[in-house]
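Below is one structure; the comments refer to it alone.
These figures come from a predicted structure and were not determined experimentally. Basis for what follows: all heavy atoms, side chains included, without hydrogens, waters or symmetry-related copies.
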Amino acid sequence: MSVPVKNVLYVGNNIQLAEAMLNLSASPALQPDYTLCHLLRTDGIEAILAEKEYTHLICDLPFSDSLADKIDADFPLLKTTYLNGNAAPKLAKLSASMEDLITDEVKTTLDFLSIPIYFKNIKGEFLACNSYFSHIFGLTPAQVQGKNAADILPAHLLDEIKKIDQNIFDNKQVYFYECKLDDINGIAREMVFRKECVDDTDIQIGMLFDVTEINQAKYSLEKERIMLRATADISPDLIFFKDLDSRFLGCNKQFEKFVGCSEEDILGKKDDQLFELGQALMCQSQDKDVISNKQIYLGEEHLTYNDGQRHFIEMKKVPLQDKNGEVQGLIGVGRDITAHHLMQKRLKIAEVVFDNSKDSILVTDQFGDILSANQACCLLSGFSKDELLQLNINVFASKQQSESFYDDISFTENKSWQGDITYCNKNGDTHFAWLEIYAVDHFDEGKTNRIYSFTDLTQCKRVEEKIQFLSKHDPLTGLYNRIALFNRLEDSINRANYQKTIMAVLLVDINDFKAVNDQFGHNAGDDVLKEIAIRLKNCIFEKETVARFSDHSFVIVVNELANEQNVASIAQKIITLFSKNFTIGNREISLSATIGISMCPDDGIDNESLLSNAEKAMQRGKDDKSVPYHFYTMALTRHSNQQLELEDELKLGLQLDQFELYYQPQYDLNNRQIVAMQGLLRWNHPEQGVLQHDRFLILAKESGLLVSLGLITIRKAALQAVNWHKAGINFGRIAINLSREQLSQLSFIADLHTILKETMCSGQWLEFEVEKSTLHHSSSDIQENLMNIRKMGIGLTVINFGISSTVIDLINLLGVEKLRIANDFIKDGSEFLVNDAVYNSSNIFARTLGLSIVGDVLEINQQQTPSTSQSPSRAEESVQVMKASEATFYLRCNKRH
């Protein structure tokens with residue numbers, strides 16, 4: 001070049017081309033001192049040229065004529081070379097002979113390019129090429145120069161090449177032409193011609209690319225993709241791919257069937273767009289662990305297919321990592337193991353049945369050698385299991401049979417045999433039995449197993465008697481069961497109708513019997529039920545019927561009654577039975593019963609109505625504890641219907657938040673000041689007005705709503721405690737009564753934590769009241785919940801307190817802070833001396849344990865100095881139950897010291 005190369009600006013994507021054109025690669029020793037700036041775009045090129053004094057501009061990108069002219073005008077000393085685009089080169093004010101453009105300098109530059117390249121004129125004559133191009137045809141660049149395509153290229157390419165060459169000059173576009181071409185060694189290559197016109201000249205520049213290896217790699221890759229896809233599609237497993245955001249990138253046919261749509265509809269979606277929420281959240285949680293921890297997930301889970309069928313799936317998810325170890329997504333494979341899972345369950349069940357079957361079962365091989373035997377078979381034969389596994393089935397052959405008796409048995413078409421036999425046990429004694437044999441062929445192994453099932457007929461009579469007994473009697477208590485009860489009750493009804501006499505049904509339900517099972521265990525509870533059954537049978541005549549109706553309910557059918565007074569006396573005798581304590585180990589417990597009575601014919605003339613009405617009467621007795629037994633009346637039926645309606649209204653009331661917490665001060669009877677506000681739930685019934693808790697708590701318990709109601713009460717108390725604390729009102733604590741059902745919930749502590757967190761309430765502002773009976777019969781779950789309540793800083797108070805060693809132990813263990821004395825022991829009345837004695841003794845007991853005595857009524861002594869001969873007269877300061885606003889005002893007026 002005539003202009004010294006100092007600062008060069010190259011615009012394009014092939015920096016090697018620019019270096020070759022500048023002759024910078026000929027020899028490292030001959031390289032001039034230059035600076036090369038490389039741009040990838042033509043935007044802002046004028047500003048860049050203005051920043052520095054460039055000597056050369058080489059552009060390999062499309063360039064407009066107007067921009068080229070402007071650069072010529074603004075930078076007259078700049079030498080420009082345009083290799084592409086619409087703009088003509090700065091020095092390309094050409095003559096008619098385009099061939100003169102292919103200078104020796106250009107020809108020399110071409111050999112620095114590793115890409116086969118050539119120049120042709122519009123006549124199709126090669127003007128120049130580099131050695132990479134000529135070598136393909138076994139020629140030198142000089143031998144190629146001046147030749148036509150027909151002189152170099154195979155004949156089958158000439159027509160297409162000629163057509164493309166003409167289009168290049170007509171359309172001024174870049175053309176690509178792919179073809180097969182044999183190289184100098186005769187090897188078929190796949191080549192691509194790139195052809196274009198040099199600006200607006202009659203010169204064509206072409207490049208030739210060998211894409212053989214690329215195409216082979218592409219074909220191989222496509223072949224592998226097809227093979228992998230086919231493999232995935234024929235697999236019965238669920239196969240899918242996901243990206244880092246858990247979006248599906250692909251799946252197989254089985255996964256399409258699982259989702260219920262095509263792969264095209266699945267791609268790009270997440271689990272929550274395809275599956276139900278619970279299943280989607282589970283899958284996304286697994287994906288997150290796999291991607292973030294780079295660990296393989298392997299687990300078993302139930303998945304619901306699109307057709308609604310649930311399948312048991314063994315899921316494996318593997319992170320997909322690049323060569324640098326970075327996770328790019330995951331691949332999941334889900335194997336349907338439903339059948340295997342069911343088979344395992346069946347095998348497990350069969351194994352349990354086999355081991356625990358009352359029938360004597362053993363399995364042999366085709367030679368009669370014993371492979372397995374259950375415990376019943378050991379008892380039947382007298383051999384241990386280890387001894388049986390060393391013996392042959394013929395050891396059971398009796399003296400009346402040949403030694404090969406079992407080998408000679410002929411099977412029926414269904415591979416079975418059955419019949420009466422005699423057998424010998426270990427002691428040589430002969431017994432009779434019913435034997436069933438089944439043959440199981442394993443054709444793939446060429447083996448056969450035999451299954452022998454012995455039923456000892458010597459026990460048949462005893463078994464038959466036992467079956468007859470169990471068909472009519474409860475196996476635990478020996479009383480009649482429900483089936484026998486229905487039969488005998490029907491007979492009693494028919495007899496009463498025939499004789500025109502009265503008969504009665506007494507339904508006896510043991511109160512709080514669940515507490516016995518919870519505290520002492522079901523075995524101890526069963527012993528108590530047996531004792532109750534004995535007492536019930538002893539209090540009636542033998543001709544009457546006593547049956548076990550449910551877990552802790554009994555039914556007594558009494559015939560030939562003269563009037564209601566007869567059955568009332570029987571009911572009273574039953575109540576008297578429970579006055580005597582029951583013994584469990586070294587402990588004595590007291591139980592009570594509630595009795596419901598229906599009469600025939602007044603209360604019903606069939607089994608269903610008599611039992612149903614007796615149950616309604618019993619339920620009434622649960623609500624009204626004034627007497628231990630109740631007769632059924634029509635009024636009770638109406639009451640039951642009202643209760644059903646009220647139950648529906650109670651459920652609606654919970655949804656509409658119709659419940660409100662009222663408050664009553666709780667006093668320390670020694671310090672005579674407010675120590676807490678007791679929260680009492682009220683129902684703002686839309687029709688019946690404000691209902692107190694005794695109107696709906698029993699209903700809530702029976703309908704399963706008591707736990708929900710308890711949580712609502714705690715939440716309202718927590719919110720009110722927060723409000724009072726923010727207002728600076730010293731209220732001590734808010735006391736809430738906890739039921740046994742609430743304390744028995746395994747989720748109670750978690751629910752309590754949630755309420756305190758959501759309401760921002762401190763545990764020190766709440767206090768839970770627990771019935772003495774709950775402590776006395778507390779289960780391990782209740783005790784654990786009470787311990788956790790104390791750890792949360794919530795106070796505990798025992799109500800309906802009575803001295804009991806069990807309760808005292810739990811008071812110390814749980815850290816109970818208060819004892820609440822019933823109001824009857826505080827108020828004055830006809831039993832003042834007795835109440836005073838109870839109050840004083842409880843006060844001394846509480847002080848000994850470091851507890852406070854609290855109550856809802858504050859006693860006011862009207863005589864400051866009591867006489868030894870006469871107790872002081874007393875008045876009571878009783879505060880009505882108040883709403884939250886009224887309670888706030890009351891607390892402000894009665895500040896704690």
Below 4.5 Å, heavy atoms only, C-beta onward: do E767 and Q678 meet side chain to side chain?
-> no
Where is the tightest heavy-atom contact between A593 and I575, given as atom of each residue plus distance?
-> O-CD1, 3.8 Å
Give the C-alpha distance, both sets of side-chain angles, the deciding distance and a yes or no for salt bridge (charged side-chain N to carboxylate O under 4.0 Å, His left out) between D518 and K514.
-> CA-CA 6 Å; D518 291 342; K514 184 177 180 298; 2.8 Å; yes
Heavy-atom pair of closest approach, residues S292 and K288 = OG-O, 2.6 Å
Is there a donor in the side chain of Q658 and an acceptor in the side chain of E649, or the other way round, less than 3.5 Å apart?
-> no
Should F768 and T797 count as side-chain neighbours, where that means a heavy-atom distance under 4.5 Å?
-> no
Polar contact flag, side-chain donor to acceptor under 3.5 angstrom, D287-S246 | yes
Answer yes if the side chains of K622 and N511 hold a donor-acceptor pair under 3.5 Å, and no otherwise.
-> yes
Can you find a heavy atom in the side chain of V770 that is under 4.5 Å from one in the side chain of L786?
-> yes
Return yes when atom CD of Q764 has more than 12 non-hydrogen atoms of other residues, nucleotides or ligands closer than 6.0 Å, and no otherwise.
-> no
Would you confirm whether Q279, through its side chain, and T304, through its main-chain N or O, come within 3.5 Å as a donor-acceptor pair?
-> yes
Got a donor-acceptor contact below 3.5 angstrom from the R715 side chain to the A718 backbone?
-> no
Do side-chain atoms of T759 reach the backbone of I755 as a donor and acceptor pair under 3.5 angstrom?
-> yes
Side-chain heavy atoms of F554 within contact of I532, under 4.5 Å = yes
Where A721 and I734 come nearest, the two heavy atoms and their spacing | N-CD1, 3.6 Å
Is any side-chain heavy atom of M677 closer than 4.5 Å to a side-chain heavy atom of Q664?
-> no
Go through the steps to decide whether D603 and S609 satisfy the test side chain to side chain contact (heavy atoms under 4.5 Å, CB included), and finish with yes or no.
-> CA-CA 7 Å; D603 299 332; S609 59; over 6 Å; no
Using modelled atom types only, decide if a donor and an acceptor are shared between the side chain of S285 and the backbone of L281 within a distance under 3.5 Å.
-> no
Flag the pair D657 / K716 as yes when at least one side-chain heavy-atom distance between them is below 4.5 Å, and no otherwise.
-> yes
I would like to know whether V516 and L591 meet side chain to side chain contact (heavy atoms under 4.5 Å, CB included); could you show each step before the answer?
-> CA-CA 9 Å; V516 177; L591 292 174; 3.9 Å; yes
Shortest non-hydrogen pair, N730 vs L891, comes out as O-CD2, 4.4 Å
Could you tell me the separation between the CD1 atom of I597 and the CG atom of L507, rounded to the nearest 0.5 Å?
-> 10.5 Å
Please check if the side chain of S598 supplies one atom and the backbone of L610 the other of a donor-acceptor pair under 3.5 Å.
-> yes
Is there a donor-acceptor pair under 3.5 Å between the side chain of D272 and the backbone N or O of A280?
-> no
Is a side-chain N or O of R733 found less than 3.5 angstrom from the main chain of A735, in a donor-acceptor match?
-> no
Would you give the length of the straight line joining atom CE of M282 to atom CG of L277, rounded to the nearest 0.5 angstrom?
-> 11.5 Å
Can you see which heavy atom on R790 is nearest to which on G795, and at what distance?
-> NH1-CA, 3.8 Å
So, D271 versus Q284: side-chain donor-acceptor pair below 3.5 Å or not?
-> no
Roughly how far, to the nearest 0.5 Å, is the CZ atom of F578 from the CD1 atom of I510?
-> 3.5 Å
Locate the shortest heavy-atom distance separating L709 from A700; write the atom from each residue and the value.
-> CD2-CB, 4.0 Å
Is it true that the NZ or CZ of R535 lies under 6.0 Å from the centre of F582's six-membered ring and within 45 degrees of the ring axis?
-> yes
4.5 Å side-chain heavy-atom contact, Y662 and M882 | no
Hey, can you tell me if F696 and F659 have their rings parallel, tilted or perpendicular (30° and 60° cut-offs)?
-> perpendicular
Under 3.5 Å, sequence neighbours excluded: what are the donor-acceptor pairs made by side chains of residues 744-753?
{"unit_1": "S744", "atom_1": "OG", "unit_2": "R740", "atom_2": "O", "d": "2.7"}
{"unit_1": "Q745", "atom_1": "NE2", "unit_2": "E741", "atom_2": "O", "d": "3.4"}
{"unit_1": "S747", "atom_1": "OG", "unit_2": "D751", "atom_2": "OD2", "d": "3.4"}

Roughly how far apart are M618 CE and T594 OG1, rounded to 0.5 Å?
-> 7.5 Å
Decide if atom CE of M760 counts as having more than 12 heavy atoms of other residues, nucleotides or ligands within a radius under 6.0 Å.
-> no
Are W683 and L650 close enough, and set up right, to give a side chain to side chain contact (heavy atoms under 4.5 Å, CB included), and what steps lead you there?
-> CA-CA 9 Å; W683 182 6; L650 181 62; 4.0 Å; yes
Do you see a donor-acceptor pair shorter than 3.5 Å between the side chains of E769 and Q666?
-> yes
State whether the number of non-hydrogen atoms from other residues, nucleotides or ligands found under 6.0 Å of E276 atom CD is greater than 12.
-> yes
How many angstroms lie between atom CD1 of I570 and atom CG of L536, to the nearest 0.5 angstrom?
-> 12.0 Å
Output, in order, the C-alpha distance, side-chain angles, deciding distance and verdict of side chain to side chain contact (heavy atoms under 4.5 Å, CB included) for L661 and L680.
-> CA-CA 6 Å; L661 205 59; L680 301 171; 5.8 Å; no
Working to the nearest 0.5 Å, report the span between CD1 of I789 and CD of E784.
-> 11.0 Å
For Y663, the option from W724, F731, Y890 that meets ring-ring contact (aromatic ring centres under 6.0 Å, His included) = W724
Answer whether the closest heavy-atom distance between the side chains of I556 and I595 falls below 4.5 Å.
-> no
